[in-house]
Structures are given as C-alpha cells and as structure tokens.
Amino acid sequence: MSVSASAPAGIAPVEKRVAAIEAALGERGFAAAEVADLAHKATEEWLPRNGARVIAHAWSDPAFRARLLANGRAAVMELGLTMPPHHRHLVVLENTPRVHNVICCTLCSCTAYTIIGLPPDWYKDLEYRARVVRQSRTVLREMGLDLPPEVEIRVWDTTADTRYMVLPEQPEHSIGWPEEKLAGLVTRDGMIGVARL
Ligand code: FE
C-alpha cells in the first residue's frame, strides 16, 4: 500500500485539506500554539519506545507484569507514562506459545497511541480492518507472520474507551538482558500483534 501524492478525483489535494482543517480549528478557538503542541507530541512523545519500555519492564519484573495484565492503565502510569482520560482502559494481551493476539480498530484507527505510538497507515486501511477479523491467519501470513496451525489467533477490536497492547513473548536468547537492551527488541508491529519478536 502506498500513499499517492495526487488526490483521487473528487477529493481535494492535501494542501487544501490541511488549510480547511486549520481554518476549522481556528474557528473553534484552537490557537496555532496548541496545534503545534499536538504535532510535537505526535512526533516526539507518542512513540513506540514508550510501550517498549513497558514490555521490557514486564519481562524483567514478574510483579509488574501481573499488575500490567490486571490494570494496564495504572501500570503504565507507574513508569511515568500518560494516557488521555477517554482511554479509560488499557487491556494488555499476553502472547503465549499457544495464543497469539492481534489488535485492530474495525471502525476507524484507534490505538493506545501515547503508549504504542500513532497507528501506521496500513492499520487505518479498510482492507486490514475488514480482513484481519475474518481472515486473520491469512492476513498475518501476508504481513510476514506465518503462525503454526496449532496457535490460536485472537483478534481484539479497539473501542473509544478500551485500548489494547500486545505483550509479546520474550525471545529466548534475550533472557537476562538489561531492560534498556530488551526495550530495543520491542517493535510497534510486535505490540499490535502483526509480528513476533
Ligand atoms: Fe478507531
């Protein structure tokens, strides 16, 4: 999937759409500084490295892992991470040798973006949203993750107030590594569930 520079017929070019959004924000009282602040957060703060820290800590500290699985939102806050108030629940899904979890948002593009980062383009694509639910094994295989038939795949559909994060299995060879090095293994795709680490 690729993003085309030229808009399809009937859709305004991206510059016009950006100008329209800026005008609408201005009409609603959003100052340019607030927009710039959001842009800064989106590019500098809401990054998958946040979730990678969480996963690495969970692999290293069984008590934290238990708290993370029991109440994800409270557990990530222990690490100084924040979630917007409307992300009322962070449900952390533990992969095991027999169960593989994958997340989507069939309605639009919701993720726990302050923790795992903003969604990639393919996550917002209608094709992924529709097919991962009905043909999850095939879609994962097409994305490079060929799971053995005995592994059960569970697909989780995000809602406005319930966000998900996959807790991948720790690679065998990384047992005993320091957390910082472990965090370097964790990818956004791993936390969405379309890749294994
Ligand atoms: Fe959504």
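Both backbone and side-chain heavy atoms feed into the values below; hydrogens, waters and symmetry mates do not. Order of listing sets the numbers, starting from 1, for every ligand and every atom in it.
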Short question: side chain of Thr106, backbone of Asp157 - any donor-acceptor pair under 3.5 Å? no

Can you establish whether the number of heavy atoms outside Arg88 located under 6.0 Å from its atom CZ is more than 12? no

Taking Glu180 first and then Arg53, would you say they form a salt bridge - that is, a charged N and a carboxylate O separated by under 4.0 Å? no

Close to the Fe ion (ligand 1), meaning under 2.8 Å, how many protein N, O or S atoms are there? 5

Check whether any side-chain heavy atom of Ile103 lies under 4.5 Å from a side-chain heavy atom of Tyr123, and answer yes or no. yes

Side chain to side chain contact (heavy atoms under 4.5 Å, CB included), that's the test. Do Thr159 and Cys110 meet it? Break it down for me. CA-CA 7 Å; Thr159 65; Cys110 302; over 6 Å; no

Is a side-chain N or O of Arg196 found less than 3.5 angstrom from the main chain of Gly190, in a donor-acceptor match? no

